[in-house]
Amino acid sequence: MPYRSPVTDYTFLLSHVVGYDRVSGTEKYAEAGADMVSAILTEAGRMCDEVMAPLQRGGDLNPARLENGALRSSPGFAEGWKAIAEGGWIGMSGSPEHGGMGLPMAVTTAVNDMMSGACLSLQLAPLMSQGQIEALEHHASDAIKELYLPKLISGEWSGTMNLTEPQAGSDVGALSSKAEPNGDGTYAVTGQKIFISWGDNDFCDNVCHLVLARLPDGVPGTKGISLFLVPRNLPDENGNAGVANSLKVVSLEHKMGLHGSPTCVMQYDGATGWLVGEEHGGMAAMFTMMNNARLGVGGQGVGVAEAAWQHAMAYAMERKQGKSASGTIADHADVRRMLTSMKADVFAARAILAACAVAIDMGNATGSAEWKARAAFLTPIAKAFGTDTGIAVSEAGVQVHGGMGFIEETGAAQFYRDVRVTAIYEGTNGIQAMDLVARKMMDGGEAAAKLLDEIEDHAERARGRLPELAGPVWEATETLREATEWMVAQGEMNDRFAGAVPFLRAFARVLGGHFHLIAALSDPGGAREKLARFYINALLPEHAGLLEQARNGAADLYAVSLEELSA
């Protein structure tokens, strides 16, 4: 089935659910009004449907490969990258000073979601560049900005980030890569990095790597890490890609999915690099890029969930088996349950994603500490629930196909294989949950409480129109408030961590109920109200069991010794 970008869904979400009008009402984003956004989404959707989506299966069947040290991308990916670049979709939120559109993150997030649904393997490439663009805008010297940003934004050059090493995964502070001053303002960077998405390609003049490494006087751990910009080709006197730098792709990882996206092992042997940000301040600079990527990865999960649902829905409406009203499996109760759950969760995850992007925009436009806290609080939820939804919906899509879902030719399995890694990279979903209950609650739970206040206030106002939906949302929010207060009260951090994952999911469940309720009020008696009824009656109740788990503490986890566990 041809992929259809969810332009209508995003137009509805931004206009009626997540309050995008507040963003366009600011001076910073005044030009990005409803008409402009609608035109942008329509054009982006056309590019996704007509250019990117046809590359999805080919990228899986004809993976990127390494030939004599040279990267060969999947057929058609070069043309796909060109369409993305020429449409301006790489630098959507980039500064106009360097050729970007200066659009709100809410718009960039919508486009990235649609691109992910069309062809996730290719979408990873512009996402990496977008993160690098933001990191350089915030932390690089003026000279680096002037040289690199226009080329990254135009797509002439591409960007990556290099964190992970064989012995240093989530514990980034354990890295061993080093950087020695060359005496001329540059540094010689040496080390090996793994899991580098789009570490090389054959359609850009240059690939620019942001690399974490330690200076000679860098202390052990994360506080001694610096960030360096290390290009594949050294810029010449005219700013063009010149001679090759001392780095190479050692190998490509053999992955479960995302075959069209080369995941590289990178080797740096005294490669020339430039410091980005302050000495020993690499983590602060890299986290700018990672936070951008976490929102983007949440969007990847949602995008693939959308595509997997569309694929399953089309199959269910064609597959004739047994007796049903329509004669197809789409009218069998359990298949209908799966399809409706898939659609309801895609909406919930997408709304959380969009609400997070709106909070980022409001923080950028107003400087408000409250909006920035809201964005920071929602980011781990958007990333974790978005990717969990991508995995769950893709898995359900295989089930809807029955035995044919296990057959690669149907394409159903590819969605699951491609999206599975999103729960792992940019901080595993367990790490996202731990961040939520620890760092994001260092304010004593203030950001969480303000969000819960808003949900309860809205549910209270909605009682007059949809009491049977507003009531359960209000009650679920109050239960979540109690669990949040319990989390904040735990002095032993491991008691928080033990229940962090179910807590995050419960928070997402309640947020989903809130956004579905808003949608129902905007479409009385229509399809969105009906979908909201299903979500609130069938899926929202999951929050209660999750919160019971969340408040269980760590005692039971550690009561079973490792010896007993492994017996």
Side-chain angles (χ1 to χ4, degrees), residues 17-20 22-23 104-106 109 287-288 290-299 301-302 348-389 426-458 473 476-490 493 496-497 499-515 518 543 546-547 550:
V17 179
V18 297
Y20 176 79
R22 292 172 294 186
V23 175
M105 185 57 66
T109 296
F287 264 111
T288 298
M290 284 191 68
N291 282 329
N292 176 295
R294 283 172 176 168
L295 183 67
V297 170
V302 176
R350 180 169 283 144
I352 293 170
L353 190 76
C356 183
V358 164
I360 291 172
D361 290 330
M362 292 303 294
N364 289 338
T366 67
S368 164
E370 186 172 332
W371 274 114
K372 290 180 179 180
R374 171 70 57 86
F377 188 84
L378 286 175
T379 295
I381 302 175
K383 192 275 181 181
F385 188 67
T387 56
D388 281 347
T389 297
E426 306 310 334
T428 67
N429 287 359
I431 289 174
Q432 304 300 321
M434 292 164 68
D435 175 56
L436 180 68
V437 302
R439 185 179 291 110
K440 300 303 165 57
M441 289 189 179
M442 289 176 64
D443 61 356
E446 182 179 348
K450 288 181 177 178
L451 184 53
L452 295 175
D453 287 344
E454 286 185 21
I455 297 173
E456 284 191 350
D457 289 346
H458 179 267
V473 171
T477 308
E478 190 60 22
T479 305
L480 178 57
R481 185 189 300 277
E482 294 169 1
T484 303
E485 292 169 351
W486 182 91
M487 279 286 177
V488 172
Q490 303 313 300
M493 200 56 69
R496 296 194 195 188
F497 291 160
V501 167
F503 178 79
L504 183 149
R505 185 169 180 83
F507 216 114
R509 273 278 168 253
V510 174
L511 284 168
H514 170 59
F515 292 126
I518 295 174
H543 82 281
L546 290 166
L547 293 177

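Values below: all heavy atoms of this structure, side chains included; hydrogens, waters and symmetry mates excluded.
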Margin query: Quick test of your reading: applying salt bridge (Lys or Arg N to Asp or Glu O under 4.0 Å), list the pairs with at least one residue in residues 502-512, sequence neighbours left out, ordered by first then second residue.
Written below: D345-R509, R505-E542, R509-E542
Note to self: Give me the atom names and distance for the closest heavy-atom approach of L547 to A506.
What the structure shows: CD2-CB, 3.4 Å
Next item on the list: Considering non-hydrogen atoms only, spot the tightest contact between A355 and V18 and give its length.
Entry: N-CG1, 3.8 Å
Item checked: Closest contact, heavy atoms only, G363 versus W371 -> N-CB, 3.7 Å
Check: Do the non-hydrogen side-chain atoms of L451 and L511 ever get within less than 4.5 Å of each other?
Finding: yes
Notebook entry, point to check: What pairs with D453 under side chain to side chain donor-acceptor pair (under 3.5 Å), at least two apart in sequence or on another chain?
Noted result: R481
Check: Is any side-chain heavy atom of H458 less than 4.5 Å from a side-chain heavy atom of I518?
Finding: yes
Check: Hey, what do you get for NE2 (H514) to CD (E456), rounding to the nearest 0.5 Å?
Finding: 11.5 Å
Margin query: With rounding to the nearest 0.5 angstrom, report the CZ to CD1 distance, F507 to I455.
Written below: 6.0 Å
Item checked: Under 3.5 Å: donor-acceptor pair, side chain of Q432, backbone of E426 -> yes
Check: Within a strict 4.5 Å, meaning less than it, do heavy atoms of the T484 and F503 side chains meet?
Finding: yes
Next item on the list: Give the C-alpha distance, both sets of side-chain angles, the deciding distance and a yes or no for side-chain contact (heavy atoms from CB on, under 4.5 Å) between R22 and V358.
Entry: CA-CA 8 Å; R22 292 172 294 186; V358 164; 4.3 Å; yes
Note to self: What's the separation between atom CD1 in I431 and atom CG in L436, rounded to the nearest 0.5 Å?
What the structure shows: 14.0 Å
Item checked: Interatomic distance, D388 atom CG to I381 atom CD1 [nearest 0.5 angstrom] -> 12.0 Å
Note to self: Contact between W486 and Q490 at the side-chain level, heavy atoms closer than 4.5 Å - yes or no?
What the structure shows: yes
Margin query: Return the CE to CZ distance between M487 and F497, rounded to the nearest 0.5 Å.
Written below: 10.0 Å
Check: So, K383 side chain and G427 main chain: donor-acceptor pair closer than 3.5 Å or not?
Finding: yes
Checklist line | Partner set under side chain to side chain donor-acceptor pair (under 3.5 Å) for R439, not counting sequence neighbours | finding: D435
Item checked: Test item: N429 and L504 side chains (from C-beta on) under 4.5 Å apart, heavy atoms -> no
Note to self: If you compare all heavy atoms of L295 against all heavy atoms of M105, which two are closest, and at what distance to 0.1 Å?
What the structure shows: CD2-CG, 3.7 Å
Checklist line | Smallest separation among heavy atoms of G386 and A349, with atom names | finding: CA-CB, 4.3 Å
Next item on the list: Answer yes or no: is there an ion pair linking K450 with E446, defined by an N-O contact shorter than 4.0 Å?
Entry: yes
Next item on the list: Verify the neighbour count for atom CD of E370: are there more than 12 heavy atoms of other residues, nucleotides or ligands below 6.0 Å?
Entry: no
Checklist line | CD1-OG1 distance between I352 and T379, expressed to the nearest 0.5 angstrom | finding: 12.0 Å
Notebook entry, point to check: Where the side chain of R496 meets the backbone of M434, is there a donor-acceptor pair that is under 3.5 Å apart?
Noted result: no
Next item on the list: List the atom of A357, the atom of T109, and the distance in Å for their closest heavy-atom pair.
Entry: CB-OG1, 3.6 Å
